[in-house]
There are 2 protein chains.
Amino acid sequence: MPLSSLIHSFKKYLPLNQEEIEELERRSKIRKIKRRQFILSEGEVCKHYTFVIEGCFKMYKVDETGKEHNIMFSVEEDWIADIGSFHDEVPSQLHVEAVEASTIVQIAKPDLLFFYTNYPKFDRNFRVILENQFIELQNRLLQTISTTAEERYNSFVSDFPHLQHRLSNTQIASYIGITPEFLSRIRSQQLRK
Amino acid sequence: MPLSSLIHSFKKYLPLNQEEIEELERRSKIRKIKRRQFILSEGEVCKHYTFVIEGCFKMYKVDETGKEHNIMFSVEEDWIADIGSFHDEVPSQLHVEAVEASTIVQIAKPDLLFFYTNYPKFDRNFRVILENQFIELQNRLLQTISTTAEERYNSFVSDFPHLQHRLSNTQIASYIGITPEFLSRIRSQQLRK
DNA sequence: GCCTTACCTTAAACTAGTTTAAGATTCTTT
DNA sequence: AAAGAATCTTAAACTAGTTTAAGGTAAGGC
């Protein structure tokens, strides 16, 4: 039963009943995604909410100089969407790309609106999911404006011990907002201590 | 009718019916807040969702060196909460302080949970409110890791033209993540162009 | 297996932004 | 009105982090 991890994940919030589960099965789509495959590209409107069953994604913006700025990594049981593009139906500035071969469940916007309208439980569940994402993002911002690069790297390593092994150092550097060279320097200085 | 701006603001989402309005009147509290008065201090648990009827607030963290890092300003029709502290009932790391004399409506956590449970419309409305806040926060983070201080200042001025006159330059500097001295430098350089 | 691409490391030169310092101005409190 | 506090400005000295450069290693593709 491929949706089981998605259904199971809702148990943390308001669990789904049989009818809701069946509707979810009808209105969602499972996809296999190759490494480096995009599920959203800059300039496209984000049309789906995506749940990660297996695998890892990075969400990033490319600036005018071509530099990649990673703002989020998503792994098993995470939800992915460019919320601004999804709701306002405007072209996204962001890319979402698979860091490794992955399996996802996608709910298209009309279907998600159907759930919100007909099953208020989904409003609740997605509000809570969003709150958790908001808390993380807010902590991230706080760190970015108030801590040194080394502190941010240490936080990353202790907050996401398993994620570290799935990402390149270049991606991690981009996430904490520094260059790969500087991350190398920090890491070698720490080895010398 | 002091709750009118709050009730009116819900018209952007799902408007409230008479019963919901009455329940809101029963379960919310209007407060007058003096300039520099705190509605949340570090170490306290955030127990309310706060709606600004009139006035302006800053939400900030004080780091170990005593430096203030502003992460959000809130004005009329904005909602304020330290969401992490509110939901997990853990002491907040943040302060929320009035930048000017203000009037607010507060909903205590048990009352908000009552609304969520009995009026699913509130789940919807607060999910949408949170989405808007999330979008703003995400854009803020993106900017912080990918643009220069001057670009961030220019964005602030064009995004929040009216806010600029209600805040000191020191607060704005703290919000965009630079020192007041550097902001002064940027501003005088711009005057020379 | 070979070639290409991506990643990682190291270091010197550089710079966007900070710290230190201090004077001037504005605002608040008594 | 005077005193104190907060804010703003300016500038020199400083530094956390970047850019430029290049070599080595690992991974991916054909």
Side-chain angles (χ1 to χ4, degrees), chain A residues 33-37 56 58 60 62-70 73 95 97-102 143-157 163-193, chain B residues 34-37 56 58 60 62-70 73 95 97-101 143-157 163-193:
Chain A
I33 304 294
K34 291 179 187 159
R35 183 163 181 266
R36 324 206 81 121
Q37 184 177 343
C56 182
K58 62 181 178 178
Y60 62 96
V62 178
D63 70 23
E64 330 78 43
T65 66
K67 234 166 66 190
E68 177 175 310
H69 302 281
N70 277 280
F73 298 117
H95 300 268
E97 180 185 321
V99 171
E100 60 198 39
S102 304
Q143 270 205 345
T144 300
I145 62 178
S146 64
T147 61
T148 63
E150 185 169 6
E151 284 164 341
R152 299 202 294 283
Y153 174 64
N154 292 340
S155 288
F156 183 87
V157 169
L163 201 41
Q164 193 189 2
H165 307 299
R166 298 169 84 166
L167 299 170
S168 67
N169 289 331
T170 300
Q171 288 163 346
I172 296 170
S174 157
Y175 181 78
I176 64 183
I178 66 175
T179 61
E181 287 87 358
F182 194 52
L183 181 57
S184 261
R185 190 199 289 182
I186 289 168
R187 285 158 54 85
S188 60
Q189 284 169 351
Q190 294 192 342
L191 283 183
R192 262 183 237 123
K193 289 180 188 175
Chain B
K34 292 177 185 158
R35 184 163 181 264
R36 325 206 80 121
Q37 185 177 343
C56 181
K58 62 179 179 180
Y60 61 96
V62 177
D63 71 22
E64 329 76 46
T65 66
K67 232 159 78 185
E68 178 175 308
H69 301 281
N70 278 280
F73 298 115
H95 302 266
E97 182 185 322
V99 170
E100 60 197 40
Q143 270 204 345
T144 300
I145 64 178
S146 64
T147 61
T148 63
E150 185 170 6
E151 283 165 342
R152 298 201 295 283
Y153 174 65
N154 292 340
S155 287
F156 183 87
V157 169
L163 203 40
Q164 192 188 6
H165 306 299
R166 297 169 86 165
L167 302 171
S168 67
N169 287 332
T170 300
Q171 288 163 348
I172 296 171
S174 156
Y175 181 79
I176 64 183
I178 65 174
T179 61
E181 289 87 359
F182 194 53
L183 181 58
S184 262
R185 190 199 289 182
I186 289 167
R187 286 160 51 85
S188 60
Q189 282 168 351
Q190 293 191 342
L191 284 185
R192 263 184 236 119
K193 289 178 187 173

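Chain letters run A, B, ... following the sequence lines, proteins first, then strands; residues in each count from 1.
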- Item | Value in whole Å for how far the P atom of D:dA6 lies from CD of B:Glu68 | 11 Å

- To the nearest Å, give me how far apart CD1 (A:Ile145) and P (C:dG17) are. 15 Å

- Query: Could you give the CZ-to-C1' distance, from A:Arg187 to D:dG17, as a whole number of Å?
  - Reply: 17 Å

- Task: Give the rounded distance in Å between these two atoms: CG of B:Asp63 and P of C:dT18.
- Result: 13 Å

Give me the distances for all protein-to-nucleotides 10-12 of chain C N/O pairs that come in under 3.5 Å?
residue: C:dT10; atom: OP2; partner: A:Ser188; partner atom: OG; Å: 3.4

- List in chain and number order the residues that pass salt bridge (Lys or Arg N to Asp or Glu O under 4.0 Å) with A:Glu151, two or more places apart in sequence or in another chain; answer none if no residue qualifies. none

- Interatomic distance where CD belongs to B:Gln164 and C1' belongs to D:dT7 [whole Å]: 16 Å

- Query: So what does A:Thr179 hit on the nucleic acid, given a heavy-atom distance under 4.0 Å: a base, only sugar-phosphate, or nothing?
  - Reply: base

- Return the angle between end axes of the helix from C:dG1-D:dC30 to C:dT30-D:dA1, with five pairs used per end and rounding to 10°. 60°

- Message: Please find the pair of heavy atoms, one from B:Arg36 and one from B:Glu97, that lie closest to each other, and give the distance.
- Response: O-CG, 3.6 Å

- Message: Holding to side chain to side chain contact (heavy atoms under 4.5 Å, CB included), I want the full list of residues that pass it with B:Ala149, two or more places apart in sequence or in another chain.
- Response: B:Arg152, B:Ile178, B:Phe182, B:Ile186

- Minimal non-hydrogen separation, A:Asn169 against A:Leu183, with atom names: O-CD2, 3.3 Å

- Task: Under the ring pair (Phe, Tyr, Trp, His ring centres under 6.0 Å) rule, collect the residues that match up with A:His95, sequence neighbours excluded.
- Result: A:Phe38, A:Tyr60

- Across all chains, not counting sequence neighbours, the side-chain hydrogen bond (donor to acceptor under 3.5 Å, both in side chains) partners of B:Ser155 are B:Gln143

- Query: Quick one: is D:dT19 close enough that its OP1 or OP2 comes under 4.0 Å of any side-chain N or O from A:Lys67?
  - Reply: yes

- Task: Provide, to the nearest angstrom, the distance between the CD atom belonging to A:Gln37 and the C1' atom belonging to D:dG28.
- Result: 17 Å

- Using the closest heavy atom to pick a nucleotide of DNA chain D for each, name whichever of A:Thr147 or B:Leu183 lands nearer the 5' end. B:Leu183

What are the atom names and distances for every N/O pair under 3.5 Å that joins the protein to nucleotides 23-28 of chain C?
residue: C:dT28; atom: OP1; partner: B:Arg35; partner atom: NH1; Å: 3.4

- Task: With sequence neighbours excluded, tell me which residues meet side chain to side chain contact (heavy atoms under 4.5 Å, CB included) with B:Ser168.
- Result: B:Thr170, B:Gln171

- Message: Using whole Å, what does the distance between atom P of nucleotide C:dT19 and atom CD1 of B:Ile178 come to?
- Response: 12 Å

- Message: Whole angstroms only, please: what is the CG-P distance between A:Leu167 and C:dA6?
- Response: 17 Å

- Query: For A:Ser146, which residues count as a side chain to side chain contact (heavy atoms under 4.5 Å, CB included) partner, sequence neighbours excluded?
  - Reply: B:His69

- Message: B:Ser174: which residues meet the side-chain hydrogen bond (donor to acceptor under 3.5 Å, both in side chains) condition with it, sequence neighbours left out?
- Response: B:Asn70

- Message: Run the ring pair (Phe, Tyr, Trp, His ring centres under 6.0 Å) test against A:Tyr153 and tell me which residues pass, sequence neighbours left out.
- Response: none

- Query: B:Arg166: what forms a side chain to side chain contact (heavy atoms under 4.5 Å, CB included) with it, not counting sequence neighbours?
  - Reply: B:Cys56, B:Val75, B:Glu76, B:Glu100

